[in-house]
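Quick notes on the structure that follows.
Throughout, a chain's letter reflects where its sequence line sits, starting with A, and its residues are numbered from 1. In this text the structure is predicted, and so the values were computed from the model without any measurement. Basis for what follows: all heavy atoms, side chains included, without hydrogens, waters or symmetry-related copies.
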There are 2 protein chains.
Amino acid sequence: MNEGVEWALHSCLNLAWIGEERAVTAARLAAYHELPAPYLNKQLQALVRAGILTSVSGPRGGFRLARTLDRITLMDVVVAIEGPDEAFRCTEIIGQGPGAVTTGRPSAECAIAEAMGRAELAWRRELAARTLADVRAQAERRAPSAPDRIRRWFAAA
Amino acid sequence: MNEGVEWALHSCLNLAWIGEERAVTAARLAAYHELPAPYLNKQLQALVRAGILTSVSGPRGGFRLARTLDRITLMDVVVAIEGPDEAFRCTEIIGQGPGAVTTGRPSAECAIAEAMGRAELAWRRELAARTLADVRAQAERRAPSAPDRIRRWFAAA
DNA sequence: GAATCACTACTCGGATAGGGTGTGTCCGAGTATACATGG
DNA sequence: CCATGTATACTCGGACACACCCTATCCGAGTAGTGATTC
C-alpha cells in the first residue's frame, strides 16, 4: 500500500486538532513529522481532488478540512490516495487458453475472483465504517496530552 | 497485489481436478491458461517453499498438492506469494520530528495504525476462513462441466 | 536372458535483465499582503 | 489622512527525474528413464 496513506491520515488528524481558524501549509505539516514537504504536498493535493480538504494559494494560504472528521472515513482517504482499483484484480485467465470458458463474462463464473472479492469487501467495509472522528477519539483516550501539544506546536511561529 | 496470486490459485484448483496420480509440469499448467511458463514456475516454487505443493525433478516430474484442498486456505496462498508483510505498514512517523511521542513504542499508541490494522485483520480473517475446497465446491456449482473438461485436457498428450 | 552401467532427455531451482508504478523533486501560476505614491 | 496602484513574497498545482519491486527470462543442478554392454 502507498505510504502516503499514513501521511494523509496523520495530516488530517493534525488539521482537526489545530482547528479551523486558519489554513496550514504543507511545509509545516511535513515538518511536524520530518516528511519531504513537496511529496506530502502532492498527497494533500489528492485529498483536495477527493473533496476531503480545501486549499488556498498565496500568503496565509494552505490546507483546511473540507468537512468535519465524522464525515470522513478511512475508506475516503485510502481511495483518494490509492485510487479506486481493488488490490486483487482478476485478469480473467480462466477465459484464456484451451480451457477457456466461453459462456458470458468469465469473472462472473470465477469462484476465485468471488472469494477474493468477498475478502476485500470485508476490508473495505471495515474502513468505510470507521470515521476519522472515531480514530481521533481513540487517539485522545490513549494520549490525552497530544491535542494540546500539537495545537501549541503549530501555533508557535 | 501480486498477479501471481491469481495464477497460483487457479493452478492449485487445476491440480486438484487433475488428480494425485501423477505430477504436472509447470509448462502444462501454464499452457492451459497461456501464461509465461518460466514465471509461473517461479510462483509454484514459492508454493513449494510454503509447503503447499511438492515438486520432483527429472522426467515424470512436476508439481503435486502437498495436502488436500480443505487444508489449504486462501490466506496460505496469499502469504506464500505476497509474503507475510501486511499491506499497511506503519512507518511510525508519529515518533519522528518535533511531535515525537517519547514514551514506549509509538505504534502501540498510534490509533491510525490500530484502525488500519483492524481492517486488514478482517481481510485476513476472511481469507483464512475460506479453504480451496470451498472455492472448488463453488466453482463446480457454477460450472459442473469444468472438472471433467480440465481432467481430459491434461490427460491428453 | 538378466543385470549393470553410462548416457540422454527432461524438469525443477535459482540467478539474471527489463518495465511500470510509486517516490522524491523542481519550477511556474495565482493571490493576499505590504508599501509607496498621489489626491 | 485616505485611496489606489504596484511590487513582492508566499503557497498551491502540475510537470519532471530517480529508484525499487514486479514481471519476464535464461541456464545450471539433479533425476528418472533408456539403451548398450557384459556376464
Name the closest nucleotide to the [X] side chain, picking from [options].
X        : options                   : answer
Gln45(B) : dT23(D), dA15(D), dG14(C) : dG14(C)
Asn2(B)  : dC12(C), dG22(C), dT23(D) : dT23(D)
Thr25(B) : dT23(D), dG13(D), dC12(C) : dC12(C)
Trp7(B)  : dT23(C), dA24(D), dC26(C) : dA24(D)
Arg89(B) : dT23(C), dC26(C), dC12(D) : dT23(C)

[X] with [Y]: basic N within carboxylate O range, under 4.0 Å:
X         : Y         : result
Glu114(B) : Arg142(A) : yes
Arg136(B) : Asp70(B)  : no
Arg152(B) : Asp148(B) : yes

Item to complete: Identify, residue by residue, the members of residues 46-60 of chain B with a heavy atom below 4.0 Å from DNA chain C, and return them in order of residue number, or none.
Response: Arg49(B), Ser55(B), Val56(B), Ser57(B), Gly58(B), Pro59(B)

Practice prompt. For the residue pair Phe154(B) and Tyr32(B), categorise the inter-ring angle as parallel (less than 30°), tilted (30 to 60°) or perpendicular (more than 60°).
Written response: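 The rings of Phe154(B) and Tyr32(B) sit tilted, inter-plane angle from 30° to 60°.
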
Indicate, with a heavy-atom threshold strictly under 4.0 Å, whether [X] touches base, sugar-phosphate, or nothing.
X        : answer
Asn41(A) : base
Ala23(A) : nothing
Pro36(B) : sugar-phosphate
Ala26(B) : sugar-phosphate

Fill in: Glu120(B): partners by salt bridge (charged side-chain N to carboxylate O under 4.0 Å, His left out), with sequence neighbours left out
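Salt bridge (charged side-chain N to carboxylate O under 4.0 Å, His left out) check on Glu120(B) returns Arg124(B).
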
